[in-house]
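See below for the structure under consideration.
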2 protein chains.
Amino acid sequence: MSSKIKIIDIAERTGLSTTTVSRVLTGKAKQYRIGKRSQQIIEEVAKELNYIPNHFAATLKSGKTNTISLIVPTLGNPFFANIASLINNEVRKLGYTLIISDSNEDIETEILEIQQLVSRNVEGFIIIPSGENFEHIEQIYSQGLPLVLLDRYFENSNLPYISTDNYQGAITATKYLIEHGHTSIACIQGVKSSTPNKMRIKGFKHAMQEEGLTNIHVIGDDFSVQNGYQETKLLLRWKERPTAIFALSNTITMGCLKALKEENIKVPDDISIITFDDHLYLDFLETPITCIAQPVEHICKIGLKYLFSKLNNELELITDHVMLRPDLKIRNSVKKMS
Amino acid sequence: MSSKIKIIDIAERTGLSTTTVSRVLTGKAKQYRIGKRSQQIIEEVAKELNYIPNHFAATLKSGKTNTISLIVPTLGNPFFANIASLINNEVRKLGYTLIISDSNEDIETEILEIQQLVSRNVEGFIIIPSGENFEHIEQIYSQGLPLVLLDRYFENSNLPYISTDNYQGAITATKYLIEHGHTSIACIQGVKSSTPNKMRIKGFKHAMQEEGLTNIHVIGDDFSVQNGYQETKLLLRWKERPTAIFALSNTITMGCLKALKEENIKVPDDISIITFDDHLYLDFLETPITCIAQPVEHICKIGLKYLFSKLNNELELITDHVMLRPDLKIRNSVKKMS
DNA sequence: AATATTTGAACAAACGTTTGTTCAAATGAA
DNA sequence: TTCATTTGAACAAACGTTTGTTCAAATATT
């Protein structure tokens, strides 16, 4: 580790003070009336020595990090990875640095992660939470840290969020199935405690009941391929096999397809599928899958807009709770029953 | 922003010095013979006040961050997102923090990103580089920063890397096509300057020539869906249409499939496909796609092992350049020509 | 009882910046 | 020439930890 170049090295080299060097290098030359010549020579020497400022010293003194953080449940899920990529690009454009964290769908890890980020003086948080607890989030929020939840949120908390109207989305999906003559529908859910899941289940049940359907099946308990696979395997053994599956995420659908393939059940001839979340590949599958697509780009953009307006203390009256309408994308995975 | 709790607050509350508090809170109590009672009361008060150490102050003094960083070209590509997720979990187990950065496939961003990370005293780098330049990487490497490249590397540099044997992989794929009677093969490549791409092209050409095939088509220039789509659209207009496509990444394949679907060309009846990179969905496509699968988990694990042995100054004689064998996963996208 | 050793904890100096304030020199005005 | 103003830059005190060293009290040894 070659001994690093410090401001004082530049000061000595140029015969100027650390104060002056610091002010030039942080772009405050005009403000403090540093001479043109001094500016120039400082910049030259800094470049020549390949000076990289010590972020820790700077932050310790100034308190400013220009950094915000994004916590996602797992980057293994393309839905979240995609969000991470989108947000990363936007944040950079705004002159901030983004620290991306993967909480591994584990609340303890999430809590730890938040602690570390706070101790790193992160100035704002974008969180897709991993559990049903939110005390740790409310704690930092109440300390005044700008913060916004994406996708997942909490009903009995008023932490700000941008999400999809999962309730409506589920109703749309369910009604679509019912309109196509399906009355026996198995809904494979994700993490029971997560709000999106709750809302989707609520929408599903509501739509079923409204149509007078009482035979309601909700199964499963995880947004994973594994869960989709297992539950599908099981439901194929029911004495009265459902005619349609409503999968509550793209990962669950992936598992469904795996199980169906193994059992040689054809979509949509033998069973129909509709899923939450869109993805490019859904269009190229053996049977393109009809889905409820979330407006991911919008969620990200609005989330960032919200966060930065907080960050800049803009007092615009933006609502703290935003629900965006999902889209029904009709493809070929739902059969019209006669 | 409520004024944060500092070590001195705990010191005052407990009647002890900041020195003692610091030593207890960083687990050096035994080493410095702090009394049991003192330890206990300090820990109690720290918890009670919800003390979060100021990472910047600590690092500034100690120089230790326990942080390593991962730079990927884009999290939008599941291949990289997957790597990020895998590495994140492993790193955490090792008691380190991982900062994940997305360079957006842009070398300037990558350079900036590395600068920021260096100024954050990151102790090690895992990089999947985005361009053909590597001076900036060699610079930090020569400063003694532990570093390893994953997947992509540079031929005329001896930066350490863990990668797939892309040359062999391409030969395997090409021979597989040739064995199935294909002689007119279009190879859709990714970023020309990237080493994996170069090696794959080299393998492709080598295998073709070895079989006496001189009609070699290499087209395209990006690891993107867009590129796969456009090039496929174009090649379908050739007067002599190739009987097989060798796509050099999963994203390119995605674009291929989109184009083929639009033109109503069936795989493998009308055209065969083989691709680099495996993914769960490849199995569920209309035609499951035969692929050259990279040993991603191994790449990550070996990469981390390498990095941490450097980090801990273990002088084990580990090679700096590791090439792992890819696997041919045979599915249904290649037709036997008669 | 006198000396040596152990135990427990504090002093004070870093770490590399940023920043409110002061100060001298140069310039302009009268 | 004298006083006021502008210009350019330095002083020195933070920021919140960590850590080499010192020191007093308590205990053990002779």
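Proteins come first, then strands; the chains are lettered A, B, ... in the order of their sequence lines, and each starts at number 1.
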Earlier contact from the 5' end, DNA chain D, for Thr19(A) and Ser62(B): Thr19(A)

In whole angstroms, how far is the C1' atom of dG16(C) from the CD1 atom of Ile7(A)? 8 Å

Whole-Å distance between dT17(C) P and Ile42(A) CD1? 13 Å

Closest-nucleotide ordering on DNA chain D, the 5'-leading residue of Arg33(B) and Phe56(B): Phe56(B)

Kindly indicate whether the side chain of Val24(B), heavy atoms from C-beta on, has any atom under 4.5 Å from the side chain of Ser38(B). no

Out of dG16(D), dA10(C), dT19(C), minimum distance to the side chain of Lys61(B) belongs to dG16(D)

For the residue pair Val21(A) and Arg13(A), establish whether any side-chain heavy-atom pair is separated by less than 4.5 Å. no

Tell me the interatomic distance from Ile10(A), atom CD1, to dT18(C), atom P, rounded to whole angstroms. 11 Å

Out of dG16(C), dT19(D), dT18(D), minimum distance to the side chain of Thr26(B) belongs to dT18(D)

Round to a whole Å and report the spacing from CZ of Arg37(B) to P of dA25(D). 19 Å

Would you mind classifying the nucleic acid contact of Thr59(B) as base, sugar-phosphate or nothing, using non-hydrogen atoms under 4.0 angstrom? nothing

So, do Phe223(A) and Phe79(A) have ring centers that fall under 6.0 Å from each other? no

Please work out whether the ring planes of Tyr96(B) and Phe308(B) are parallel, tilted or perpendicular, with thresholds of 30° and 60°. perpendicular

Determine the contact category for Ser38(A): base if any of its heavy atoms lies under 4.0 Å from a base atom, sugar-phosphate if only primed atoms, P, OP1 or OP2 are that close, otherwise nothing. sugar-phosphate

Atom pair distance, as rounded to whole Å: CG in Leu25(B) and P in dT17(D): 9 Å

Send over the distance from Leu16(A) CG to dT7(D) P, rounded to a whole Å. 19 Å

Distance in angstrom units between Ile8(B) CD1 and dT17(D) P, rounded: 9 Å

Indicate yes or no: at least one non-hydrogen side-chain atom of Met323(B) is less than 4.5 angstrom from one of Tyr161(B). yes

Hey, which sits more toward the 5' end of DNA chain C by its nearest nucleotide, Ala58(A) or Ser17(B)? Ser17(B)

Short side-chain N/O contact from Lys28(A) to OP1 or OP2 of dT19(C), under 4.0 Å: yes

Separation of dT6(D) C1' from Ile34(A) CD1 (nearest whole Å): 14 Å

Residue pair Val21(B)/Ala57(A) against DNA chain C: nearer the 5' end by closest nucleotide is Val21(B)

Compare side-chain N and O positions of Tyr32(B) against OP1 and OP2 of dT7(C) and report whether any pair is under 4.0 Å apart. no

